[in-house]
Amino acid sequence: MVDRTIAPAFRAVEQIQLIQARSHVLDNDIKLYVINGGDQELIRIELIFKNVNWNSAKPLQAYAVNSMLVEGTSQLSAREIAERIDYYGAFLQMDYNYDYSTVTLFTLTKHLEATLPVIKAIVTDSVFAENELATFKTNQNQKLLVSLEKNDYQGRRLFNHALFGDTIYGYKADSIDYDKLGRAQLLEYFKAAYQPSNCTIIASGKITDESIKLLNSFFGNDWDNGSEILPNQFLFTAEKAAEHYIERPDALQSAIRLGRVTVNRAHADFPGLQVLNTVLGGYFSSRLMSNIREDKGYTYGIGSAAVSLQNAGYFVIGSEVGAQVCAAAITEIEKEIRILQTELIPEDELALVRNYMMGSLLGSLENALSHGDKFKNIFFSGLTYEYYNQYINIVRTITAEELRQLAVKYLDLSDLQKVIVGKK
């Protein structure tokens with residue numbers, strides 16, 4: 001019998017085993033990566049396309065095309081697409097971020113052959129009908145109007161623009177940008193971006209040899225390359241740190257963002273910066289939470305993040321605080337940063353953070369799909385699985401002095417953009 005009055009023995013996480021992706025090439029040279037694992041008859045197929053041809057005069061092309069892929073092909077209406085996927089208990093998801101647009105299918109292994117034709121149709125034959133486009137524009141404009149009333153949303157977009165200007169990472173889309181969308185513009189982008197030379201397929205789950213043959217049969221044949229692709233360029237100069245303020249006299253809460261351009265996952269400092277971030281605001285017991293939520297009661301939540309993008313990285317601290325304590329909250333944030341720059345993190349606190357980060361990494365590997373997510377992190381950063389060995393080693397061994405030096409290097413208060421939406 002287990003004595004449940006005695007806590008189980010504690011043991012630090014020392015090593016993590018990842019299911020490594022196997023590489024295949026389809027007949028038309030599309031790269032396919034397979035993460036095979038698990039006992040459940042479940043498959044996730046991701047068709048990932050780089051966002052290309054960025055043009056600030058047409059800033060919503062990539063987003064609109066990805067969003068409208070399920071709105072109809074020459075042979076299938078939006079309703080028929082949904083019904084065919086639902087019939088097999090499958091799930092279809094469109095995802096867009098600054099760097100990539102993704103079409104994801106979740107299905108049982110036995111239904112892969114029946115559901116892949118729908119995916120093939122939407123990535124090769126979407127038509128972007130005028131009536132569907134009109135509905136999309138109306139809905140998006142309405143969502144934008146609602147979002148612009150939220151201080152937190154305004155803070156995020158103002159912060160991104162302060163960091164990255166009018167690049168795809170920082171552009172502030174407005175209603176006029178939706179109004180300018182036309183069917184010809186969407187078809188132009190669709191033909192450029194959704195083609196084999198711009199596609200990577202990642203298959204996770206219980207993948208059989210037959211599954212690979214099916215993927216090759218649907219996506220390795222009868223799919224030709226389209227127009228020329230221009231890789232997105234990110235030539236921008238980070239603006240000098242400044243305060244950016246949108247006043248809302250009736251605001252009960254003020255949205256705060258502080259941060260700066262830093263490094264992405266491909267940089268040697270990134271794992272150490274993640275440790276530093278966790279100490280400051282990366283988990284519930286962080287210093288920002290302990291001070292500004294638990295001690296001062298200025299907010300329900302505050303956090304920080306070290307974010308990796310394809311062509312850049314940034315560090316951000318974000319919260320919504322009571323409008324009357326906005327200035328006091330910023331003072332406390334700056335105080336916590338100065339402490340990290342001048343004082344060594346106590347060993348017991350650092351040990352807690354190490355265990356939290358290692359436990360979070362281990363807990364995030366519950367199935368083959370999550371192993372696939374870990375592969376995407378390194379693959380699209382131009383890294384190998386050795387990155388995770390280096391990451392684990394740094395989390396376990398980085399010293400308090402090294403973290404102090406990182407705080408001095410990356411958290412200089414004079415380099416931080418400061419965004420406030422609400423009342424100071």
Side-chain angles (χ1 to χ4, degrees), residues 18-38 42-53 62 65-66 69 92-107 109 112-113 115-126 189-232 264-266 308-311 368-388:
L18 288 164
I19 303 173
Q20 298 202 8
R22 290 187 291 115
S23 174
H24 301 265
V25 179
L26 304 189
D27 289 346
N28 58 356
D29 294 328
I30 290 179
K31 293 180 180 178
L32 166 66
Y33 296 93
V34 173
I35 297 90
N36 188 23
L42 176 67
I43 289 179
R44 181 180 71 186
I45 306 297
E46 298 173 280
L47 276 69
I48 304 173
F49 302 88
K50 293 179 184 178
N51 294 334
V52 296
N53 298 9
V65 167
N66 181 258
L69 288 175
L92 185 58
Q93 179 174 302
M94 305 295 117
D95 291 297
Y96 169 87
N97 62 39
Y98 293 128
D99 296 310
Y100 298 95
S101 297
T102 305
V103 178
T104 305
L105 171 70
F106 298 86
T107 184
T109 306
L112 183 63
E113 185 172 9
T115 52
L116 283 182
V118 180
I119 311 306
K120 175 68 176 293
I122 67 174
V123 299
T124 61
D125 189 36
S126 285
Y189 185 83
F190 177 66
K191 291 176 182 178
Y194 289 77
Q195 57 175 299
S197 64
N198 194 42
C199 180
T200 300
I201 301 177
I202 300 178
S204 311
K206 196 163 186 181
I207 312 295
T208 64
D209 290 340
E210 181 61 27
S211 304
I212 296 171
K213 290 179 182 178
L214 285 171
L215 288 168
N216 186 56
S217 115
F218 281 102
F219 300 108
N221 299 283
D222 299 321
W223 187 12
D224 297 325
N225 285 313
S227 56
E228 183 180 358
I229 293 173
L230 296 175
N232 286 349
N264 63 9
R265 187 174 284 108
S308 177
L309 302 170
Q310 183 76 28
N311 297 279
L369 307 191
S370 51
H371 284 260
D373 293 335
K374 290 293 182 287
F375 170 70
K376 286 187 291 183
N377 286 343
I378 57 173
F379 177 76
F380 290 112
S381 296
L383 301 169
T384 68
Y385 279 100
E386 180 58 26
Y387 168 81
Y388 288 112

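On a predicted model such as this, the values are computed, not experimentally measured, just so you know.
- In this structure, the side chains of Tyr33 and Ser204 stay at 4.5 Å or more apart for every pair of heavy atoms.
- Rounding to the nearest 0.5 angstrom, the gap separating the CZ atom in Phe190 from the CD1 atom in Ile122 is 8.5 Å.
- The CD1 atom of Ile43 sits 7.5 Å away from the CG atom of Leu215 when rounded to the nearest 0.5 Å.
- Of the inter-residue distances, the one linking Ser197 atom OG with Asn225 atom CG reads 4.0 Å to the nearest 0.5 angstrom.
- Taking the side chain as every heavy atom from C-beta outward, Glu46 and Val103 never approach each other to under 4.5 Å.
- Counting heavy atoms of neighbouring residues, nucleotides and ligands inside a 6.0 Å radius, atom CG of Asp222 does not exceed 12 of them.
- A side-chain donor-acceptor contact under 3.5 Å links Asn51 to the backbone of Asn97.
- Between Asn36 and Ile19, the closest side-chain pair of non-hydrogen atoms is not below 4.5 Å.
- Heavy-atom neighbours of Lys50 NZ from other residues, nucleotides or ligands within 6.0 Å: at or below the threshold of 12.
- By the 4.5 Å heavy-atom criterion applied to side chains, Asn264 and Asn311 are not counted as neighbours.
- The number of heavy atoms from other shown groups lying within 6.0 Å of CD (Glu386) is above 12.
- Of the charged side-chain nitrogens involved, at least one lies within less than 4.0 Å of a carboxylate oxygen, so that Asp373 and Arg44 count as a salt-bridged pair.
- With contacts defined as side-chain heavy-atom distances shorter than 4.5 Å, the pair Gln93/Asp95 qualifies.
- Side chain of Ser381 to backbone of Leu383: no donor-acceptor contact under 3.5 angstrom is found.
- Between Phe49 and Tyr100, the gap from one ring centroid to the other reaches at least 6.0 Å.
- One distance of note links NZ of Lys120 with CH2 of Trp223; it measures 8.0 Å at 0.5 Å rounding.
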